[in-house]
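What follows is a single structure, written as structure tokens, with notes after it.
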Number of protein chains: 2
Amino acid sequence: MDLTLQQLRGFSAVAEELHFGRAAARLNLTQPPLTRQIQGLERSLGVSLFDRTGRGVRLTAAGEVFLEHCRRVLALLEVAPDATRRAADGQTGTLRIAFTAIGAYAVLADFLAMVRKRTPGVSVELTELVSPDQLQALADLEIDIGLVRPPIPDGFESLLVHSEDLVLAVPADHPLAVGSGLVGAGPVSLADVTDDYIGYSPEGSRYLHDICAAMIGMNRYAVSQLASQVPTMLALVRAGLGCALIPRSIVAMGVQGVRYRELDAADAHSVTLHACWSPDSPNPALQRLAESLRQTPQLDA
Amino acid sequence: MDLTLQQLRGFSAVAEELHFGRAAARLNLTQPPLTRQIQGLERSLGVSLFDRTGRGVRLTAAGEVFLEHCRRVLALLEVAPDATRRAADGQTGTLRIAFTAIGAYAVLADFLAMVRKRTPGVSVELTELVSPDQLQALADLEIDIGLVRPPIPDGFESLLVHSEDLVLAVPADHPLAVGSGLVGAGPVSLADVTDDYIGYSPEGSRYLHDICAAMIGMNRYAVSQLASQVPTMLALVRAGLGCALIPRSIVAMGVQGVRYRELDAADAHSVTLHACWSPDSPNPALQRLAESLRQTPQLDA
DNA sequence: ATCGACCGATACCGAGGGCGCATGGATTTG
DNA sequence: CAAATCCATGCGCCCTCGGTATCGGTCGAT
């Protein structure tokens, strides 16, 4: 025979009232079943919990100890349902968010602030992954939200998080590296660029690869090197292996030995970053955030 | 409808096995009632704890949270019976021990060491009380053990803890204060003492009062002052109001301005200190100690 | 000392709940 | 497409638990 919650509640009531009748009334019960509960409890434990002194009862030392345990158990049981319901509502829990190295510089801080504001009480776990890996992880339910570049495959919901144009990165000793500041004087036309380009890898960064290829023309693109990580590309630019088209937010990295120029309006092209998630994720915290975003998709809301 | 321990155990088993059949087998149950337990639990909480994916089950986020609470509750419930039984056996608990100011100097440390050795795991609370108050507190169940001087009233068990003889305390400038050290050269006879005596109060220290009165003779005793606390008596001796008969262990207090002399074998008298307790105390820790003392009453055993 | 009030323990009975057995429905596998 | 696997459901039985009535003991008042 093992313990029952009814026994614990009954014992706790009797221990507090020191009176079977009043305790029974508090439990919406009559006295006899309560007596039997306590008797059964004492039989299970092999211990007397009360001294029956004819007139009222008194806790034994063992009863005092058991009462302590009782209170702890009942207190835990008191909060467990609410905690569970909050978890089911997404009011508590964890959001696993992945981001790209590029995205981290421009938008991660603002995005996390928005998440905290919309889902307070939810904690965040961060992972850095390239876009294709993020989509795979989303499908495998290993992450909840990815900060990815297009295209967004079917079956995912997404939100435009950031849009910026591309700028031309050139070595600091390049003829186009003129003007004050990191971004030099005035826009340049791509037609004026005679150097090789550092291209994006069509596997790791298909989106930027395709856009740049379209902007420059396949014949002149990627003749020098292919890289998928922006820091790598900047290192190649700095080494004089060519120039590159880089999202503007990367300028803030302040990499030594690299200067930038804006592009003509005719050549300018913007690239976007999207928060992406699976609409049928089992994570209630994600569901809650998604619902909030569906109602007010503004990032600063 | 509220939670049941069976539901918690059932949920915990299913959450660990992720399989109703195996979980049911582990619980010595068939699968249908287990399914109903989980259903009832989910209905009580208003929350889905498992995703039934046709092939096996998976915990929801709410299920993860509830499982944490479950484990804590079940772990508490696991240890509660043992802890309670240990308390009932007196292997844990508290002994409330009272002592007199006099007794504290000579024997309290050794006595507490003996208690710790015989009842490890039991904590001790200390109170200083004069002997009559100790006996009252014992009767009122406010303390468990008193370190008192005789007589021990009927209805109490006791153990001789300490025995020592009385020495004569005289002012430092007294004719009898000769010899090196706190206790001067050789024994003296009470017949050689012509001074007044500081006497013990017959209310606060009846035992010492009676013994001293018998030693000296009522006519010469207590003509100067009455005191019940030994430190007070030593202060009076130092002030030159008389001499006093003091338990030898008090010499170790090293009170300034007081010297001591041993008494003739004919006059010597020993006083005792006893640990005293009520044999029908409800404190199992005391019962355990008492049983241990009944078997081996030696203090150093 | 005796009666009455109070309190916990016990006996008995009836209703509800939980278990097992048998089976259904859904999904996956060969 | 058939078999296997797994969870859900319907049903009948038994056990358990709660309520009523009563007993036994202690304490307090007269």
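Protein chains get the first letters and strands the later ones, always in sequence-line order, with residue 1 at the start of each.
Per the geometry, CD belonging to B:Q37 stands 16 Å off C1' belonging to D:dT9, to the nearest Å. Rounded to whole angstrom, the span from the CG atom of A:L41 across to the P atom of C:dA9 amounts to 13 Å. As a whole-Å value, the separation of B:L5 CG from C:dG17 C1' is 17 Å. Distance CZ (B:R52) to C1' (C:dA26): 14 Å, rounded to an integer number of Å. If you measure from atom CZ of A:R43 to atom P of C:dA9, you get 12 Å, rounded to the nearest angstrom. In this structure, A:R58 places its CZ atom 14 Å from P of C:dG8, rounding to the nearest Å. Atom P of nucleotide D:dG18 and atom CD of A:Q7 are separated by 10 Å, given to the nearest angstrom. Atom CG of A:L34 and atom C1' of D:dT16 are 16 Å apart (whole Å).
Residues meeting the side-chain contact (heavy atoms from CB on, under 4.5 Å) test with B:P202, sequence neighbours left out: B:R206, B:H209, B:L226. Taking the side-chain contact (heavy atoms from CB on, under 4.5 Å) definition, one finds that B:R86 meets it with B:D82, B:A83, B:Q91, B:T92, sequence neighbours left out.
In terms of polar N and O atoms assigned as donor or acceptor, the side chain of B:R36 never comes within less than 3.5 Å of the base of C:dG18 in a complementary pairing.
For C:dT10, neither phosphate oxygen OP1 nor OP2 lies less than 4.0 angstrom from any side-chain nitrogen or oxygen of A:Q31. The side chain of A:Q6 contributes no N or O atom lying less than 4.0 Å from OP1 or OP2 of D:dT16. Between C:dA9 and A:T35, a contact under 4.0 Å exists linking OP1 or OP2 to a side-chain N or O.
For A:E291 and A:Q295, the side-chain atoms include at least one donor-acceptor pair closer than 3.5 Å.
A donor-acceptor distance shorter than 3.5 angstrom exists from the side chain of B:Q134 to the backbone of B:L129, with no hydrogens or angles considered.
Residue B:L41 is tested with B:L49, B:V47, B:V14 for a side chain to side chain contact (heavy atoms under 4.5 Å, CB included); the sole match is B:L49.
Not less than 6.0 angstrom separates the ring centroid of B:Y207 from the ring centroid of B:Y200.
Atom OG1 of B:T272 and atom NE2 of B:H162 lie 10.0 Å apart (nearest 0.5 Å).
The stretch residues 10-30 of chain A comes close to DNA chain C through A:H19, A:F20, A:G21, each having a heavy atom under 4.0 Å from the strand.
Among the nucleotides D:dA8, C:dG8, D:dA21, the one closest to the side chain of A:P32 is D:dA21.
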